[in-house]
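Report on the structure given below.
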Amino acid sequence: MSLCQDKLCIGLTGGIGCGKSSVARLFAALGASIIDTDAISHQLTQEGGAAITAISSVFGPDYITDKGALDRTRMRQLVFSDATARLKLENILHPLILEQSIAQIQTASCPPYTILMAPLLLECPAFLNLVQRVLVIDCTEQNQISRVRQRSGLDEIQIREIIAGQISSVERVTMADDIIRNDATPDDLVDQVFALHQRYLSLGAKTPFDGN
């Protein structure tokens, strides 16, 4: 189901460090409307965010900073070592993120198609129901580790734990309608995005959208 019925909505997903944000920026430069669920999550958990009261109630004030925002470092350490805690956090955040995603899709101008960037797209049927196609960004595990280390300072063990907590690359690729391999050069990535952009323009031009 797409909430912008006369335009194509693509679900963009992939494992940590695969390059989802880089791909989304390239699509945005080509005119696509981008909805970023990570950005929505950050808004919900910043100072005064809509999720802060519930998080404090469930996890306690130690997980909220003095400024009233989520203590991301402390929470990350908890949820990656405690599956029950991760589920509790998801139960708070996912309905709110879904609500905001729907609102943004409904108000998007939809030119010429919309990209919903959602790391947990394939694990969450409610989000999957918002899109008409699934685009998976994939790369080698070593590239994932290298990129995440460069940007976050996490060590390899921590990164491997995060990767292990996500669905596998094989599962993602199996569920994909479209795949971008992000293991080569920046120019290669640009070429792959442009090729898909052309395809999405063609698909999005169909009214009503039939997905073929």
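Since the structure is predicted, the reported quantities are computational estimates derived from the model, not experimental observations. Because only heavy atoms are used, hydrogens play no part in the values below, and waters and symmetry mates are left out as well, while side chains stay in.
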Got Tyr63 and Val58 here, is their nearest side-chain heavy-atom distance under 4.5 Å?
-> no
Please report the closest heavy-atom contact between Cys18 and Ile137, naming both atoms and the distance.
-> O-CG2, 3.3 Å
Please work out whether the ring planes of Phe27 and Tyr113 are parallel, tilted or perpendicular, with thresholds of 30° and 60°.
-> perpendicular
How long is the span from the CD1 atom in Ile35 to the CD atom in Gln100, to the nearest 0.5 Å?
-> 10.5 Å
Determine, using the 4.5 Å side-chain heavy-atom cutoff (strictly less than), whether Leu70 and Leu96 are members of one ILVMFWY cluster.
-> yes
Minimum heavy-atom distance between Phe127 and Ser101, given as atom pair plus value = CE2-OG, 4.0 Å
Audit row: Asp138, Ser169, side-chain hydrogen bond (donor to acceptor under 3.5 Å, both in side chains) steps and yes/no = CA-CA 7 Å; Asp138 195 40; Ser169 172; 2.7 Å; yes
Under 4.0 Å between a Lys/Arg side-chain N and an Asp/Glu carboxylate O for Asp178 and Arg133?
-> yes
Between Arg72 and Thr65, is a side-chain hydrogen bond (donor to acceptor under 3.5 Å, both in side chains) present by the stated rule, with each step listed?
-> CA-CA 9 Å; Arg72 302 185 192 283; Thr65 68; over 6 Å; no
Minimum heavy-atom distance Thr37-Pro119, with the two atoms named | OG1-CD, 3.4 Å
Separation between CZ (Arg181) and OG1 (Thr140), nearest 0.5 Å, reads 11.0 Å
Does some side-chain heavy atom of Gln144 sit less than 4.5 Å from a side-chain heavy atom of Ile159?
-> no
Measure across Met117 and Ala24 and return the closest heavy-atom pair with its distance rounded to 0.1 Å.
-> SD-CB, 3.7 Å
Separation between CD1 (Ile52) and CD (Gln46), nearest 0.5 Å, reads 8.5 Å
Working for side-chain hydrogen bond (donor to acceptor under 3.5 Å, both in side chains), residues Ser22 and Arg25 = CA-CA 5 Å; Ser22 296; Arg25 283 193 293 269; 3.3 Å; yes
To the nearest 0.5 angstrom, please state how far the CE atom of Met75 sits from the CD atom of Gln77.
-> 11.0 Å
Which heavy atom of Gly31 sits nearest a heavy atom of Pro112, and at what distance?
-> O-CD, 3.2 Å
In a check of side-chain contact (heavy atoms from CB on, under 4.5 Å) between Asp183 and each of Leu189, Asp188, Asn143, which one passes?
-> Asn143
Applying side chain to side chain contact (heavy atoms under 4.5 Å, CB included), run through Leu26 and Val190 and close with a yes or a no.
-> CA-CA 7 Å; Leu26 291 173; Val190 169; 4.0 Å; yes
Would you please test Ile162 and Leu154 for side chain to side chain contact (heavy atoms under 4.5 Å, CB included) and show each step?
-> CA-CA 10 Å; Ile162 294 172; Leu154 296 174; 3.8 Å; yes
What is the minimum heavy-atom distance between Gly17 and Cys139, and which atoms define it?
-> O-SG, 4.0 Å
Is it the case that one hydrophobic cluster holds both Leu120 and Leu122, taking links as side-chain heavy atoms less than 4.5 Å apart, direct or via other members?
-> no
Decide yes or no on side chain to side chain contact (heavy atoms under 4.5 Å, CB included) for Leu89 and Leu93, but give the supporting numbers first.
-> CA-CA 6 Å; Leu89 182 63; Leu93 290 178; 3.9 Å; yes
According to a 4.5 Å side-chain heavy-atom criterion applied to Ile, Leu, Val, Met, Phe, Trp and Tyr, with indirect links allowed, do Leu87 and Ile55 form part of one hydrophobic cluster?
-> no
Give the C-alpha distance, both sets of side-chain angles, the deciding distance and a yes or no for side-chain hydrogen bond (donor to acceptor under 3.5 Å, both in side chains) between Ser168 and Glu171.
-> CA-CA 5 Å; Ser168 71; Glu171 289 177 285; 3.2 Å; yes
Could you give the distance from CG (Leu116) to CG (Leu130), rounded to the nearest 0.5 Å?
-> 6.0 Å
Do Phe59 and Asp71 pass the side chain to side chain contact (heavy atoms under 4.5 Å, CB included) test, and can you show the C-alpha distance, the side-chain angles, and the key distance before you say yes or no?
-> CA-CA 11 Å; Phe59 294 96; Asp71 188 328; over 6 Å; no
Look up atom CZ in Arg86 and atom CZ in Phe80, then write down how far apart they are to the nearest 0.5 Å.
-> 7.0 Å
